[in-house]
Amino acid sequence: MISLIGNFLLGSVLVTASFAIIVRGNLRWWFFCLSSFAPFVAFSSLIYGFIVSDFSLRNVFFNSSSILPLIYKISAGWASHEGSILLWFSMLSIVSLVYVRALKELKESQEFAIIILAFIQILFGSFILFSSSPFTSFSFAPEEGMGLNPMLQDMALSIHPPILYLGNVSYVALFVSGCLLLYRPEDKKYILAISKLFSSFGLFMLTIGIGLGAWWAYRELGWGGYWFFDPVENISLMPWLAGIALHHFVVVSARNGKFLRTTILLSKLVFLLTIYGTFVVRSGIVSSVHSF
């Protein structure tokens with residue numbers, strides 16, 4: 001049942017996001033709301049499957065067991081590539097909805113932002129549904145799962161990925177702001193004010209998330225330093241350093257309108273770096289301790 005519900009919700013993202021691009025007016029907003037809430041509900045249903053130990057789901061079977069403490073059953077939901085990408089996507093959709101809501105005073109900019117964000121939802125929704133669905137199920141229900149890797153049974157790692165991902169996906173707002181500054185330069189004062197809020201929040205969460213991950217790696221793996229060995233830990237530096245630069249340029253542009261072109265360029269670069277880093281971390285492309 002959870003498998004059917006999850007795949008249906010992922011499929012509904014593609015449909016509702018497509019309608020959000022096609023229709024106009026209030027209907028566009030409501031379809032975008034549906035496409036933004038669907039990934040969050042899908043991820044919630046996956047977490048429910050972990051909590052109740054539904055081992056008919058392959059993702060639950062390979063990453064959990066009935067004897068795990070509740071906190072580790074929940075964190076097992078993002079221990080795999082499929083679960084973590086769905087968490088990333090659900091957070092991106094909610095942040096997108098908050099950003100669009102913040103543009104309510106600028107109707108034309110709001111509609112343009114919905115089109116861009118709905119297109120991004122279609123891309124990620126298609127990727128998850130057709131190649132990385134965490135709702136693949138067995139034709140039978142095993143009695144017990146294989147359990148969670150002992151290295152992942154740590155409190156820091158239970159909260160590190162959600163915080164890190166929340167920081168990452170916040171930069172989708174800056175990406176869209178960069179597009180809006182090109183499309184509607186007359187609204188730049190309002191757009192830059194909103195961008196400064198999202199930049200501050202994203203940088204704050206990204207810093208905490210990276211710090212928690214480094215602390216876990218230093219304590220669990222006994223490395224000689226936080227950025228010493230694992231390429232995945234090092235790859236987190238790229239969006240973080242670019243995000244610091246972007247934040248300073250956003251502040252200056254919002255204050256006196258200078259360096260607007262650099263702000264637009266960096267707003268696109270940081271989001272692309274977060275996507276690059278996320279897929280490299282979770283895809284297993286690089287040889288990393290994160291492959292476990």
In this structure, CD1 of I115 is separated from CD1 of I22 (nearest 0.5 Å) by 10.5 Å
For the pair W78 and Y165, evaluate ring-ring contact (aromatic ring centres under 6.0 Å, His included) and give the outcome as yes or no after the intermediate values.
CA-CA 11 Å; W78 51 81; Y165 290 174; 8.6 Å; no
Looking at K258, is its backbone amide N or carbonyl O close enough to the side chain of S253 to form a donor-acceptor pair, meaning the two atoms are under 3.5 Å apart?
yes
Any heavy-atom pair between the side chains of P162 and M91 that's under 4.5 Å?
yes
Would Y99 and I94 count as a side chain to side chain contact (heavy atoms under 4.5 Å, CB included) if you check the C-alpha gap in whole Å, the side-chain angles of each, and the deciding distance to 0.1 Å?
CA-CA 9 Å; Y99 176 74; I94 296 300; over 6 Å; no
Any side-chain donor-acceptor pair under 3.5 Å between S53 and S66?
no
Cluster check L164, I74: I/L/V/M/F/W/Y, side chain < 4.5 angstrom
yes
Taking the side chain as every heavy atom from C-beta outward, state whether L174 and L266 have any pair of such atoms under 4.5 Å apart.
no
If we only count heavy atoms from C-beta on, is the L166 to F201 side-chain gap below 4.5 Å?
yes
Would you find a donor on one side and an acceptor on the other, under 3.5 Å apart, between the side chain of S199 and the backbone of S195?
no
Modelled atom types, side-chain donor and acceptor of E82 and S133, under 3.5 Å
no
Side chains of Q121 and S36: is there a donor and an acceptor less than 3.5 Å apart?
yes
Step by step, work out the side chain to side chain contact (heavy atoms under 4.5 Å, CB included) result for Y72 and S158.
CA-CA 7 Å; Y72 296 140; S158 297; 3.7 Å; yes
Validation row: V13, F89 side chains within 4.5 angstrom (heavy atoms):
yes
Hey, does C179 have a side-chain heavy atom less than 4.5 Å from the side chain of K268?
yes
Please tell me if the side chains of T136 and N59 come closer than 4.5 Å, counting only heavy atoms from C-beta onward.
no
Please find the pair of heavy atoms, one from G77 and one from L46, that lie closest to each other, and give the distance.
O-CD2, 4.0 Å
Apply side chain to side chain contact (heavy atoms under 4.5 Å, CB included) to L103 and I114, showing your working.
CA-CA 10 Å; L103 292 172; I114 289 176; over 6 Å; no
Should the heavy atoms of other residues, nucleotides or ligands under 6.0 Å from CG of N256 be counted, would the total exceed 12?
yes
Enter the distance from L273:CG to L269:CG here, rounded to the nearest 0.5 Å.
4.5 Å
Using 30° and 60° as the class limits, which term best fits the ring planes of F19 and F31: parallel, tilted or perpendicular?
parallel
Could you check if a side-chain atom of L14 sits within less than 4.5 angstrom of a side-chain atom of S35, using non-hydrogen atoms only?
no
Go through Y276 and M238 one step at a time and tell me if the side chain to side chain contact (heavy atoms under 4.5 Å, CB included) criterion holds.
CA-CA 10 Å; Y276 172 72; M238 295 193 304; 3.4 Å; yes
Side chain to side chain, S170 and M205, heavy atoms closer than 4.5 Å:
no
Which class fits the ring pair F62 and F138: parallel under 30°, tilted 30 to 60°, perpendicular over 60°?
tilted
